[in-house]
Amino acid sequence: MTLQSKGCPPATLPLLLLFPWSHCLLLMRHSSSSSSSRMASRQNLNHELSKLFNQLWDADVNRFKPGKDYRISLQGKAGYVPSGSNNAKDSASQPLFLYVNEDRFHSIPTFAAFVSLLDNYEMSTGVAEVVTSEEIAENNRFLDAVLETEVMKITHQFLVNKKLAKPNINDFKTQLYSIWFKLYSRDGKGSDSCGFEHVFVGESKRGKEIMGLHNWVQFYLQEKRNQIDYKGYVARQHKSRPDEDDQVLNLQFSWKAMVKPVGSSFIGVSPEFELAIFTVIFLLSQDKVTREVVRVEEYELQIIVYRHGRFIGTAYPVLLSSNNEDLY
């Protein structure tokens, strides 16, 4: 399906600029700083998790391919938005997603089950969730579908070997349900949140601030319904512009009139891939916040997971670098 809600022609490809010789020294210093930063991140690289996550990446046959299953338009660089402000310059006249093959949402069991969960939650914290028997059944159908995938089978075996999960698949399903779907209080007033809602669906802090919403499918569906307005990309350090086939992006957007200055998300990956890597990092550490640097395919990432007691608080990726040539 093609989106044209912002009504402007497709953005042209970025122009490569030729710099005068007087700028060479500045660029050399910038490049040296970038190299130092990358070297530092490589020293912290978790090789065991990098190996596992590459196995999961290769096993993720349900992943959408850029340029084939979806097309995005990055457009302009987002501006600075102070914390607490809902005013943001719009540097994107078009939606982020120009096309997504929605047939795959219906034909792939994990995507179909995942999409059915996205309307099950009260958006604002401070309002207790009411979970129906139908919603519990939908949660279980999603986990059943996920557990059938090679991605989650590899993940389960890894966790069993680490003695972080029981071999019995039903026990593992119960563990996943608790980590992701067990309700807890985020705002101190009743059971108003859970890991799945925060990470994949998104919620608001009493209707004033966006929290979570780190999933590309939810972003696309909300954008299609004119609930999300993409404001532009947020450039990572030492790089002025991401690439339109990057499958991890930092974005700025508004959702129902609230602005998220920076939201980080995988693009195109399957729900089981995200569920797997975030679960692994969550279970490997008892720290309140865990940050692991990994190399997955061409991407050097920092995966960040926050604990809320025995449950996921939030989880998201941050792209550090890729093999794609930087445009300065």
Side-chain angles (χ1 to χ4, degrees), residues 1-11 70-100 102 105 114-115 117-127 186-187 192-193 196-236 240-242 244 246-269 274 304 306 313-319:
M1 182 169 186
T2 301
L3 296 181
Q4 297 177 333
S5 63
K6 289 200 178 181
C8 291
Y70 70 89
R71 292 193 304 274
I72 63 173
S73 176
L74 291 169
Q75 301 163 81
K77 181 179 178 179
Y80 171 73
V81 177
S83 178
S85 172
N86 283 321
N87 295 316
K89 173 188 173 185
D90 196 341
S91 299
S93 59
Q94 291 179 292
L96 173 65
F97 285 95
L98 300 180
Y99 164 78
V100 172
E102 288 195 32
F105 287 165
F114 176 82
V115 170
L117 303 181
L118 297 179
D119 62 355
N120 286 356
Y121 296 95
E122 169 62 45
M123 181 178 178
S124 181
T125 60
V127 180
R186 193 179 291 273
D187 204 22
D192 60 357
S193 184
F196 184 90
E197 177 189 10
H198 185 92
V199 175
F200 294 104
V201 183
E203 53 191 347
S204 73
K205 189 173 183 178
R206 295 187 169 273
K208 296 179 180 179
E209 178 185 340
I210 300 172
M211 300 193 301
L213 211 171
H214 298 290
N215 178 259
W216 74 274
V217 177
Q218 170 72 336
F219 188 103
Y220 163 71
L221 292 174
Q222 290 293 303
E223 188 176 57
K224 177 184 171 184
R225 294 166 188 152
N226 295 319
Q227 297 293 325
I228 277 182
D229 184 7
Y230 170 61
K231 301 296 186 184
Y233 66 86
V234 179
R236 67 182 186 264
S240 61
R241 181 183 174 86
E244 293 186 345
D246 276 347
Q247 292 198 270
V248 186
L249 293 174
N250 294 334
L251 311 170
Q252 185 178 106
F253 59 93
S254 65
W255 184 34
K256 300 181 181 179
M258 297 172 292
V259 171
K260 181 137 189 169
V262 184
S264 184
S265 176
F266 284 104
I267 306 292
V269 301
E274 292 188 87
I304 301 173
Y306 280 72
T314 190
Y316 55 91
V318 175
L319 181 61

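It should be emphasised that the depicted structure is a prediction, and the values quoted were computed from it without experimental measurement.
- No hydrogens or angles considered: a donor-acceptor pair under 3.5 Å links the side chains of W255 and Q222.
- Inter-residue side-chain proximity for P317 and S264 is flagged as met; some heavy-atom pair is nearer than 4.5 Å.
- Checked against the 6.0 Å centroid criterion, the rings of Y230 and F253 do not qualify as a close aromatic pair.
- N87 has its side chain out of reach of V81: every pair of non-hydrogen atoms, C-beta onward, lies at least 4.5 Å apart.
- Side-chain N or O atoms of Q252 include none that pairs as donor or acceptor with a backbone N or O of K260 at under 3.5 Å.
- Applying the side chain to side chain donor-acceptor pair (under 3.5 Å) criterion to T314, with sequence neighbours excluded, gives H198.
- Side-chain N or O atoms of Q218 include none that pairs as donor or acceptor with a backbone N or O of L213 at under 3.5 Å.
- For the side-chain contact (heavy atoms from CB on, under 4.5 Å) test, residues two or more places apart in sequence or in another chain that qualify with S254 are D229, K231, V259.
- Checking side-chain atoms of W216 against main-chain N and O of V269 turns up a donor-acceptor pair under 3.5 Å.
- Atom OH of Y99 and atom OH of Y70 lie 12.5 Å apart (nearest 0.5 Å).
- In terms of modelled atom types and a separation under 3.5 Å, the side chain of D90 and the main chain of A92 share a donor-acceptor contact.
- Under the 4.5 Å side-chain criterion, counting only non-hydrogen atoms from C-beta, E102 is in contact with Y220.
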As a quick check of understanding, evaluate side-chain contact (heavy atoms from CB on, under 4.5 Å) for L249 and I72, giving each step before the final call. CA-CA 11 Å; L249 293 174; I72 63 173; 3.6 Å; yes

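- Using modelled atom types, one side-chain atom of E223 and one backbone atom of L96 make a donor-acceptor pair closer than 3.5 Å.
- With sequence neighbours excluded, the residues forming a ring-ring contact (aromatic ring centres under 6.0 Å, His included) with F200 are F114, W180, F196, listed by chain and number.
- Looking at N215 and V201, their side chains never come closer than 4.5 Å, going by heavy atoms from C-beta outward.
- Side-chain atoms of L221 and V115, non-hydrogen and from C-beta on, do get closer than 4.5 Å to each other.
- The shortest distance between side-chain heavy atoms of I228 and F219 falls below 4.5 Å.
- K77 has its side chain within reach of Y233: a pair of non-hydrogen atoms, C-beta onward, lies under 4.5 Å apart.
- Rounding to the nearest 0.5 Å gives a distance of 9.5 Å between CG of D246 and CD1 of I267.
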